[in-house]
Amino acid sequence: MKENPVVLVINCGSSSVKFSVLDAMNGDDLLSGTADSIGSDNAFLEVNKNTRLALCEGTYDAALQAIAAELEKRHLMESVALIGHRIAHGGSLFSEAVLLDDEVVEKIREISPLAPLHNYANLNGVEAARHLFPSLPQVAVFDTAFHQTLTPEAYVYALPKRYLDELGVRRYGFHGTSHRYVSQQALSMPGMPHGDVGLIVAHLGNGASICAVQNGKSVDTSMGMTPLEGLIMGTRSGDVDFGALAYIAGKTGQSMTDIERMLNKESGLLGLSGLSADLRELEKAYHAGHEGARLAIHAFVHRIARHIGGHAASLKQLNAIVFTGGIGENSVLIRRLVLEHLRVFGVRVDETKNALPNSHGERIISQASSPVMAAVIPTNEEKMIALDAIRVSNAVPHVEFA
Ligand SMILES: Nc1ncnc2c1ncn2[C@@H]1O[C@H](COP(=O)(O)OP(=O)(O)O)[C@@H](O)[C@H]1O
Ligand SMILES: CC(=O)OP(=O)(O)O
Ligand SMILES: [Mg+2]
């Protein structure tokens, strides 16, 4: 057993590698950073938001090596006891975190066509880390796992059933690690009833999804077979009538691959505003009266409110609506507009509390008299991944630090 064990958490995206180092005994964040622009000549590693280093090569291996060098500099390398990886899609094969070995890697590869934009990047991170740290236990933690409690009525598409039976075409849901963390934390908020609580979690980041959680279990969620369904996102469209897409393909001669790229990379806030996928920029433009930014923000809010309303119908009762993710935690404007949109539920927002900065941490933003509580809970997917990694491996003593 290592003396001061730490867990290295890796979230490998299509052009970035996010990492965190957490104390395995108490979950404290010791070091974090992002290697960005992977796949280009300008790849760099940013550590603790203050140090920026150019990477000699824009590969996942080079990014992992640079991360290892940063750990070495801080005398943390010897303390790494295990590695936790975020894997977006676990299909129907994985309803729990699992220790990675060759067989598990192969199984993840088999289901990766279900989420090609996320899973192959995740696997690149796994391969680079297994190459660099061959003797350390490594654990895969799946975004989809928390949603394995969905019942068939919530996860089927109304397509000929053979596509479900033969190809596994169904809704899986994502951001499960965030929804799980936030819904657990919500239970200990002051004023939350005990027992069978019904919650809506709105995870609003670059990717965005809603989850209905009843009695600690995911019962409905807005993302589908891939992370494209549901809410409007930074560059993703969310829900669209397939008839509209068939019409566009017919008129423009675009292939399925072209259409899929357009829906994932050129749509959402970026596509509607014609300006940016970044909400900070859109908010500035919104206040300056930019037409595209106003349309994008109003459509974003409308879709969130509509999905919250729909998801509430999957609960036994609605006790609280909880915001999380980069936008959910930081955008006073989006929270205010969404909650105003939800007046049918009688939610009454407290403007002063809603205006508090995210440094206040977990906070209630509704008035005491509001029949439904509204709250902000900063997500911590890394802590959840570290806890899962500790639980399924025997590398360090099991702890409950969440
Ligand atoms: N202070 C802020 N005000 C408004 N939006 C913010 C703020 N800080 C971050 N965001 C937005 O959060 C989004 C990124 O969310 P995040 O959860 O970090 O993304 P990811 O899905 O990549 O983890 C971006 O649209 C960004 O503009
Ligand atoms: C699944 C998903 O949408 O992830 P992200 O928000 O990291 O893009
Ligand atoms: Mg995120």
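Below, all heavy atoms of this structure are taken into account, side chains as well, without hydrogens, waters or symmetry copies. In this chain, numbering begins with 1 at the start of the sequence shown. Just follow the structure's listing: the first ligand is 1, and inside any ligand the first atom is 1.
By heavy-atom distance, the residue among Arg236, His89, His203, Lys18 lying nearest atom 3 (O) of ligand 2 is Arg236. Nearest-residue assignment for atom 7 (C) of ligand 1 (options Leu204, Leu282, Asn330, Ile334; heavy-atom criterion): Asn330. Remark: among candidates His203, Arg280, His175, the nearest residue to atom 4 (C) of ligand 1 is Arg280, based on non-hydrogen atoms.
For the pair Gly234 and ligand 1, no heavy-atom separation below 4.0 Å is found. Under the 4.0 angstrom criterion for non-hydrogen atoms, Lys18 is in contact with ligand 1. Assignment of Glu381 to the shell around ligand 2 is not supported, since no heavy atom sits closer than 4.0 Å.
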**Message:** Assess the residue pair Asn264 and Arg236 against the criterion (side-chain hydrogen bond (donor to acceptor under 3.5 Å, both in side chains)); give the C-alpha distance rounded to whole Å, side-chain angles, the decisive distance to 0.1 Å, and a yes or no.
**Reply:** CA-CA 4 Å; Asn264 275 296; Arg236 287 173 240 166; 4.6 Å; no
**Prompt:** Passes side-chain hydrogen bond (donor to acceptor under 3.5 Å, both in side chains), Ser218 versus His147? Steps please.
**Reply:** CA-CA 5 Å; Ser218 170; His147 305 298; 2.8 Å; yes
**Request:** Could you walk me through whether Asn358 and Arg363 pass side-chain hydrogen bond (donor to acceptor under 3.5 Å, both in side chains), step by step?
**Result:** CA-CA 9 Å; Asn358 202 34; Arg363 56 208 186 267; 3.0 Å; yes
**Request:** Begin from the C-alpha positions of Asp350 and Ser366 and carry the test side chain to side chain contact (heavy atoms under 4.5 Å, CB included) through to its verdict.
**Result:** CA-CA 5 Å; Asp350 180 321; Ser366 50; 5.9 Å; no
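Under the 30°/60° scheme for interplanar angles, the aromatic rings of His175 and His203 are found to lie parallel. Taking the six-membered ring for Trp and thresholds of 30 and 60 degrees, His307 and His311 have ring planes inclined between 30 and 60 degrees apart.
Checked against a 3.5 angstrom limit, the closest N/O atoms of Gly205 and ligand 1 fall outside it. Annotation: Leu279 places an N or O atom under 3.5 Å from an N or O atom of ligand 1; distance criterion only. Residue Asn206 places no N or O, backbone or side chain, under 3.5 Å from any N or O of ligand 2.
Listed by number with element, the atoms of ligand 2 under 4.0 Å from a non-hydrogen atom of Asp143 are 1 (C). Shown in contact with Pro227 at under 4.0 Å from a heavy atom are these atoms of ligand 2, numbered in order with element: 1 (C), 3 (O). The ligand atoms of ligand 2 that sit less than 4.0 angstrom from a heavy atom of Met223 are 3 (O). Close contacts between ligand 1 and Gly207 involve ligand atoms 21 (O) [criterion: under 4.0 Å to a heavy atom].
Residue pairs meeting the salt bridge (charged side-chain N to carboxylate O under 4.0 Å, His left out) criterion with at least one partner in residues 212-224, sequence neighbours excluded, are absent.
Ion pairing between a basic and an acidic side chain is recognised when a charged N comes within 4.0 Å of a carboxylate O; Lys265 and Glu260 show no such pairing.
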Under 3.5 Å, side-chain donor or acceptor atoms of residues 35-44 against the rest of the protein: list the pairs with distances, not counting sequence neighbours.
unit_1, atom_1, unit_2, atom_2, d
Ser40, OG, Ser37, O, 2.8
Ser40, OG, Asn42, N, 3.0

